[in-house]
Structures are given as C-alpha cells and as structure tokens.
Amino acid sequence: MSEKEGEKFLNLLKTDFSMKANLTENEPKLIKYWDEENIYKKILKKNKDGEVKILHDGPPYANGHIHIGHALNKILKDFVCKYHYMRGYHSPYVPGWDCHGLPIELMVRKEEKTQDLVEFRKKCREYAEKFIGVQRDEFKRLGILGDWDDPYKTMSFDYEADILKAFSEIYKKGYINKGRKPIHWCMSCETALAEAEVEYNDHTSPSIFVKFKVNGHKDLYIVIWTTTPWTLPANLAVSLHPNFVYSRVRVDKEEWIVAKELLKQSMTEMEINEYELLEDKLGSAFEGMTYRHPLLEKNCPVILGEHVTLEQGTGCVHTAPGHGQEDFEMGKKYGLEIFSPVDDKGKYTDEYAEMKGESVFHANPVIVEKLGAKGLLIKEKKITHSYPHCWRCHNPLVFRATPQWFIDTLEQNIKNSVLEATAKTGWIPGWGEVRFANMVENRTDWCISRQRSWGVPIPSLICKSCGEEFVDTAFTEQLVERIRKESSDIWFVRELDELAAGKLECPKCKSADIAKGKNILDVWFDSGVSWFAVLEGKMKESVPCEMYLEGTDQYRGWFQSSMWPSVIMRGAAPYKKVLTHGFSLDETGRPMSKSLGNVISPLEVVKKYGAEILRLWVASIDYTEDFRFSYNVLNQMTDAYKNIRNRLRFILMNLADFDPEKDVVPYAEMENLDKWAMKALHDFAASIDDAYDKYEYHRVYHGLIEFLTVTLSALYFDMIKSRLYMNPPRSRKRRSAQTAMHYILTVLLQRISPVLSFTAEETFRFLYKDKESVFLDKWFNIPAEWGEGNEKYKEAFDLRDIVLKELENRRAEKAIGLSLDAAVTIKYKKEEFKDVLELFDLKEFLIVSGVSTLCDPSMQEETRIEVTKSPGEKCTRCWNYRTDLKKGLCSDCAEQIKNWSKEDI
RNA sequence: GGGCCUCUAGCUCAGUUGGCAAGAGCGCGCGCCUGAUAAGCGCGAGGUCAGUGGUUCAAUUCCACUGAGGCCCA
C-alpha cells in the first residue's frame, strides 16, 4: 500500500475554523449579531429566576472619547457580569452616564455665546447626549453586553426628579444645613468661580509684617505676615505649627514671637538689625494664648495647625476663616465663625462698620495706615506674586465666604453609621476598608451647592424681605413631579408662582415675597444617589446591590458620595462589595497623560489588534495595582491569543466527525488516560471558578494558558494523537478520546466566554449551528467523580519525565529523532511499581515504538531507564518501528484498516 | 507634608502561617518533527527577590529606615 492510499485510513480531519482570527473584521459582525438577536435580553430572560447579583455601573462623565482607564473599567465589569450570566445569576447591567457639571459647561461656553440660561442648558444637554452616543459605541465595540438601548443618564427627567427626591428625604432627616464657605469670587462679575475658571497671573500686593499684642504679658507680641491687609478685619486667630520651634526675642523694649527657623530671614526682611534671643518653645506650648485684635475691640486665640509652613513669613499665620481655604478648615476645627464682612461687590458690609461700602482692594492702604497709627505695623513692602484672576474679566479675585448648602458629614451619629456600614462592606482589595474609613473620619462637611448653570437646581427659596434662604419640603415634592415631566429646566423657565401650588411664606418673617434660590447641586450628589434613582427607581431592584467597581480615585469620589446619602436614607451602604482597580501607566511606569504624550487609546488598540486582545490583556494583569501598558505587552497578548486559538482549532478539527448526542463514551468505559484528562479538567475548572468567584482574572488567564500549554498541548494531545488518527473512526478507543475532547471544549468555552467573548461565541456557533449563543448555553456541572482520579498518576508522570529526559539524551547523540524512533526498557525495583506501569498504555503514554518492563529487586535504584533505537522497520502508517511489517504495514495497522468501516469496536 | 498602596527573571504573574539549591507561561537561544504546519514537541540561558539595617538557628516572606513610583488629599 502506498502512503497516499494509507491516508485514506487515517482520521486526518479538516476544519473550516480558521487559524487566523481576523479579529478586527469579525468582532463587529458578532457585535451586530448580539445586537440583532437581543442576546443580552435573552440572557436576562434565561436567568430571570436566578439569585440577584447586580453590579451597579458608575457613570463616566459624558465628555470626550474613552481612554484606557474607561476600557479597563468596563471590561472588568463585563467579566463580572458575564460570569454571572454563565452561572445563572440575575444580573442586569445598566450602564450610565454622568451628564451635568462644569466640564461640559466650560466646553459649551467656548462655542456658545448665548446669554440665555435655558438656551445654554439646552446646548449642554445636547453636548452630553452627543458624547453618550460616542462613548456608547466605543464601549459596545469592546464587546461589552448590557442595556445599551436604555442606559441611565443623570440628566434624564426621571433621574433629575429622583435627585431632588433624595435631596428632600435627606433634608427632612435634618442632614442638609445652610452654612458658609470661602470660594473664589470675582467682584466685578459678581460671580463665584470654580478652580478651573481661575487663571493665575502676576499681581503686585502689599507685603506687611504686623505685630499682635499678646494678652496678659507686658510688651509681648506675636508677629504675622500677610499680603492681604484687607482680610485683617476678618482675622479671628493666629495659627502656629504644633511641632515647630518658636523663639521669643527681644527687640528694643519689646518681645516678639517668631518661628526659630524663620527668625533670621524675617528679621532681615523687617529690617531689624538688633535683637536678642530669649527663649525657644514648641508651637504647641502657645495653644490657649490670646491676643488683642489689631483693628477691632476683641480678643482672639492662638491655635495650632499642621498647615503652617516655614517657606516665608514668620511661621505665625494670620487666620481668617471667611477668606481662605485652610483658614476655613481651621475655623471649623476650632469652632470659629466663618466671618467675612464683604459683600458681592467686594465692599465691606456693616459687619465692619468702620469701612462700610469701601472696596476691599482700595482698602489695603487704609488698613495699613490704621495699623501704622496703632503702632502695630512693623514693615510694609510691595511683592509681585502669582495671584488668582478671573478668566473672563481678568480682574483679581478675592476669597470670600458665601452662603452654601452642606450635608452634615460631621454629625457623630451619622458618621458612626457610615463607619459601621464601611465595616460591613466587602472591600476588594482588603486595604480599601482602612483607606475609606480614614477618609470618612477625616473628611469635612460636604458642600453640595454650586453657583453654576448646568445641573439640578437646589430648590431653596429666598425671602426678599428678610433675606432668609430656606427649603419648603412640600414645595420641593411638588417640584419633583413637575421635573419628572418637564426636566429641571422648569426651575429656570417658570416663575415661582407657576411652580408653587400653594402659598409660600418665609418661615422667619412670614413674608410672602419669595424668590427662587440660585444654586445647583454638586454633580457628586447626582451620581451619589444613583442607587436610589437607578437601582431602586429605574430597575425596581433593591439596595444594597452586589458590587460597585471603579478606580481607586473613587474612594474619595463616588464610593463616598453614594455611601453618605444611602446611610442617611436607608441606614446601610448601597453596595455589598466594592472592588477597585489601579491606574494605567506607560511602559516606564509614568502615568498616561496627554501632556506626557504617552497615551495609548483603546480605540487604536481595537483597530490594530481587536478588542479581544485588549480583553485578554485586562485579564492578564493584577488590576488591583497600577498597571503598565504598552504595545510590547499587547504583542505578547497577541501571541497568547494565537496559542489559545490554535488549541481550540485542534480540538475542533478532531471533533469534526463527533456528535456528542450519539458518540459520547460513558465515563466508566473511557480509557484511563482520558480519565486522567477528565481529572485534569475537573481540577482546572475548579481553580478557574475559584478565581472567577474571587474576581482574580489574572489567575483565570494564567490558569488557562497553563492548562492549554502544558496539560493539553504538551501532554494530553500529544499522547492521544496517534489513537485519534489510527483507530477506526467509530471505535471505542477513538470515541473515548473524542469524548474527553468534547468535554474539554465545553468546559473551556464556558470558562473563556467572560474574557474571550468573541472567540468563545465564534467557536460555539461554529460548533452548534442551531444554537444561539454561548451565553445562553446551560452551565455544565463537572461530575465530582471525575475529580477522584488515581493517586498513582503522579508517579506515572514522574516516570515519564525521566524517560523523556533520556530520550532527549539519545536525540542529542543523534541516535533518534522522533521519539517513535525509540524503544524503552523500564527496570524497577519494587513489585508494587507494576501498578503504576499498568495505569496507561505505555507506548501511547511515552509516544515510543516499544516499551518493555522488568522487575529487578536486586537493583540499587528504584527505576532504571534504557532507551535504544527501536529494532525493526518503520510502519508506513503508524510510524512505529515494528518487526512484523507486511507490505510496509504493521499487524496493528492491518487490523485497524480491516475494521475501518465497522462500528463500535 | 498626610492617608492608602506597589517594587520577584526582558514581559505578565506564582511563591499559604519565615525553612529543601526562588517557580510558571510568554519572549529569547539551540535542537527535533513535518499527519495541529504562517502549527506542534523538547532542551537551555536569564533573578545580589528595589536598597540598607534589624529580629531569628534560618527572611523574598516579619520590623525599621532609604530609594523609585501611583491614587487621593494638603
């Protein structure tokens, strides 16, 4: 028989499953298929009675294209959800977008010159809508399944209404308060400015050293330095650093207090040439000391703050809680008034009657003069420094306390409840709990009011006659229902009497002359009540949900902005688990940023490599830490992907004539080697499922690669190839191997589908033309029996390693090439070792032409391996060396060919 | 400056409560095969476990400090 004819009797099957993936072309087709066939909806239907496990999406900001952080975040969420889908949980995934806020306002204002507020808000809405569309397409391109047709948007009418409903509930519980807080203020535009609207330019200010008379000591002064003399009327304290050393020095007939390290520098600046050091003391020793206010008839305290620096001045810091951020924090800490005797136009109010009506910037020389007259001014100079200016009118800004609304996060009961909820939450990784709790402990009040345009209005009312600002809960609740129908625009479109059903009245002076408040809500409040608007509202599910999953920046952001409202309103956290991921760095470990020019766009990756490669990369890394991203690492993923795909293809090829409905061999009748493979499959699946349960996808990736490369490709497939090719197609021996491969493929597809969704679906639909989707497939539970295996497996594989080593030695000597060229003799010392040798068909197990075994109790060593070139001639069909060839065929091959068309052998 | 975190082969990761000469896969080098073939198999070279000091009979593993880096604050 010629070799050509011989191939007729070999199971060398072909497959149309291509080696080349062509991801960039095929992925969009699959996405279209998922879309058109409503696969996501069908998954929900399949699992509708399953246990509820909802991952609640944190809304990205609807602005610009997605970057690698967005991609990673959404892909991780997709892993979580898809594994839930596979395991039968009810896990609807409703993506969302954060729509209000300053960045969109700023973008729109660049192009839009309209002065009309409602028109402007309309443009903002359009802008957000546009980028929701852009980002939705980009996310879908990554293969993420979810309710893309009906996502949540913080600007939808329902959502806006729910924001105010939540506001109202929190207000009724007493956790929303009025307060004051210093902010950047432009007195020529008469408007508040956000940090992003502030531009820093050089500005010349007075630079003055002033001495404050200490009470209870004769001629003792504390020396401060400031560049804003106009804030001195608002001075309420002097801050010292508790751990700095302060010196008491004699200057003329007086004694001054100055930080020791700044003593020389400040004395030079004050042009004091002669002074004498009297004493050094820690700043903490001065706590409780009081001094006489330099301008007003009152006494003020010396307080301690870590914010004090030794960069300039005297180390004794003039503190006006109404006019500086740190001063404000200190004021809060020490219970000082947030005092700011300055009005919208930048003029002193009657709280500083002495200069009422005077503009603060014109006040500087006057204040300096007053200090001089009192003998408190030590030195005045001019200083040119970087100073905040208005980005629109370019005038210098002031920092000034204004009325604001706060959520009271300092109230001890609620803080304790938040800490309790924190302890009950599962933080992944575990250190998240410490980080979150620290932030809860140390945070300040949550200021929820913004003096902006694009957002949900705070439904506060202002009494025109007495100036009282207040919230009327009945009115708020009417407003909620109006907003649900007409959007929050009605606040700006309608007059107050159109909005209020009944009569409004000032709770303080009973006046009925009321106006609408002018503040909108912080967007963190918008997204912070998404559990209320989306989980409870839109989805009709309950809180807490299974998981929030975001970057580590959200410990301060969304995790907190969600936690506080939820604890106040529901007495518990909105989530059972919080999982966080790190940030993307470039190849050298620097953060990815536009300014560094080291950004790799996920869109570019998808275009060049395919989303599957990106998904595989996400699975490969330990995302809990920051991760490096580069084309280098993507190329590695491409290689890994090819490996996976080829192994799938090999299985498909060998299953081309296998129908699981008819051809499956019962476990009990399977070959031992195939049973071993089922044991390996069982163990593999158990470890993969454990990794999925713990959200450790890099273990999924590494476990998968290890299983495919070592267990399957290098061991199992290599060993069974001959059996698959040589035995009659329907023979039990061959069907046994195919049965194993069939189960391997089934388990593999289910395990890779959350990560390699495209490839899993492609393979699944290639295999089962009549089935819809791998995600709708029933979960295959691996029989526990398969995991039992045999304790002697390990000994057999240890023996195999030794034999292979010996084969390699012969190969190096050029005695053999293919391992089938060899014959092996195994000598063993202990009789019991026979059991190990009888476990498998040794010729198949070792892939050699002949194996002989011999027990020799007199041997020193346990086993001895001898490898020789196999005697006989090479069989043209099975390539074994045999001594019984007839016409080039060995007797086994002759037998197999004889039985070729018989069934069930 | 503060809170939290990271640093193991070129890359991505393992290394349970301190204990055999620190492992895997990929990549790289060399070889085999040509019935998984723009595939498959084998072998090999790569690490002062960021650095220093300490605790201990023994430290990649515990402690302290230093360095590099990240997120969030100030």
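Note on naming: letters A, B, ... go to the chains in the order of the sequence lines (proteins, then strands), and numbering restarts at 1 for each one. Remember, it's a predicted structure, so these values are computed and weren't measured experimentally.
Nucleotides B:C57 and B:G23 are separated by 26 Å at their C1' atoms, to the nearest Å. Between B:U6 and B:U66, the distance separating the two C1' atoms is 16 Å to the nearest Å. For B:U61 and B:G15, the P atoms lie 15 Å apart once the distance is rounded to whole Å. Between B:A45 and B:C63, the two P atoms lie 35 Å apart (nearest whole Å).
Base pairing of B:G35: no nucleotide in any strand meets the Watson-Crick or G-U wobble criterion (both distances under 3.5 Å). Nucleotide B:U55: unpaired (no Watson-Crick or G-U wobble partner with both distances less than 3.5 Å). Base pairing of B:C20: no nucleotide in any strand meets the Watson-Crick or G-U wobble criterion (both distances under 3.5 Å). With both pairing distances under 3.5 Å, B:G10 is matched to B:C26 as a Watson-Crick or G-U wobble pair. The partner of B:A50 is B:U66, by the rule that a Watson-Crick or G-U pair needs both atom distances under 3.5 Å.
Between A:K181 and A:E329 there is no salt bridge, since none of the side-chain N atoms of the basic residue sits less than 4.0 Å from a carboxylate O of the acidic one. Between A:D553 and A:R556 no salt bridge is recorded (no basic side-chain N to carboxylate O distance below 4.0 Å). Comment: A:D892 engages A:R882 in a salt bridge, judged by a side-chain N to carboxylate O separation of less than 4.0 angstrom.
Proximity note for A:S620 (side chain, C-beta onward) versus B:U12, B:G35, B:A38: the nearest is B:U12. Listed nucleotides: B:C11, B:C41, B:G35. Nearest to the side chain of A:Q636: B:C11. Distance from the side chain of A:K814 is smallest to B:G31 among B:G31, B:C72, B:G42. Comparing B:G40, B:G42, B:U37 by their nearest atom to the side chain of A:A714 picks out B:G42. Residue A:R556 places its side chain closer to B:C73 than to any other of B:A24, B:C32, B:C73. Picking from B:U34, B:U37, B:C72 the nucleotide with the shortest atom distance to the side chain of A:K874 gives B:U34. Among B:A36, B:A74, B:G35, the nucleotide with an atom closest to any side-chain atom of A:M726 is B:G35. Of the candidates B:G27, B:G35, B:U12, the closest approach to any side-chain atom of A:D639 belongs to B:G27. Which of B:G42, B:A14, B:G40 sits closest to the side chain of A:D622 comes down to B:A14. Side-chain atoms of A:D718 lie closest to B:G40 of the nucleotides B:A24, B:G40, B:G35.
If you take CZ of A:R699 and P of B:G25, they are 18 Å apart, rounded to a whole angstrom. Rounded to whole Å, the distance from CZ on A:R800 to C1' on B:C41 is 10 Å. In this entry the distance linking CG of A:L807 with C1' of B:G31 reads 14 Å, nearest Å. The distance from atom CZ of A:F328 to atom C1' of B:A74 is 15 Å, rounded to the nearest whole Å. Atom pair A:N654:CG and B:A36:P shows a separation of 9 Å (rounding to whole Å applied). Here B:C32 presents its C1' atom at 15 Å from CD of A:E813, a figure rounded to the nearest Å.
Side-chain N or O atoms of A:D327 include none that pairs as donor or acceptor with a backbone N or O of A:G322 at under 3.5 Å.
Heavy-atom nearest nucleotides on RNA chain B were determined for A:E625 and for A:E329, and the one closer to the 5' end corresponds to A:E625.
Evaluation of atom-type donor-acceptor distances gives a pair under 3.5 Å for the side chain of A:S713 against the base of B:A36.
A:Y881 carries A:K869 over the face of its six-membered ring, with the cationic atom under 6.0 Å from the centre and within 45° of the normal.
A 6.0 Å sphere centred on CG of A:D16 holds no more than 12 heavy atoms belonging to other residues, nucleotides or ligands.
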What string of B, S and - do you get for nucleotides 64-70 of chain B 5' to 3' if you count protein non-hydrogen atoms under 4.0 Å? -----SS
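Contact record, A:Y555 with A:G432: OH-CA, 3.2 Å, taken as the closest heavy-atom pair.
Checking A:L614, A:L616, A:V755 one by one against A:I75, the side-chain contact (heavy atoms from CB on, under 4.5 Å) holds for a single residue, A:L614.
A:W676 has its ring centre no less than 6.0 Å from the ring centre of A:F840.
Put simply, A:H698 has a side-chain N or O that comes within less than 4.0 Å of OP1 or OP2 on B:A14.
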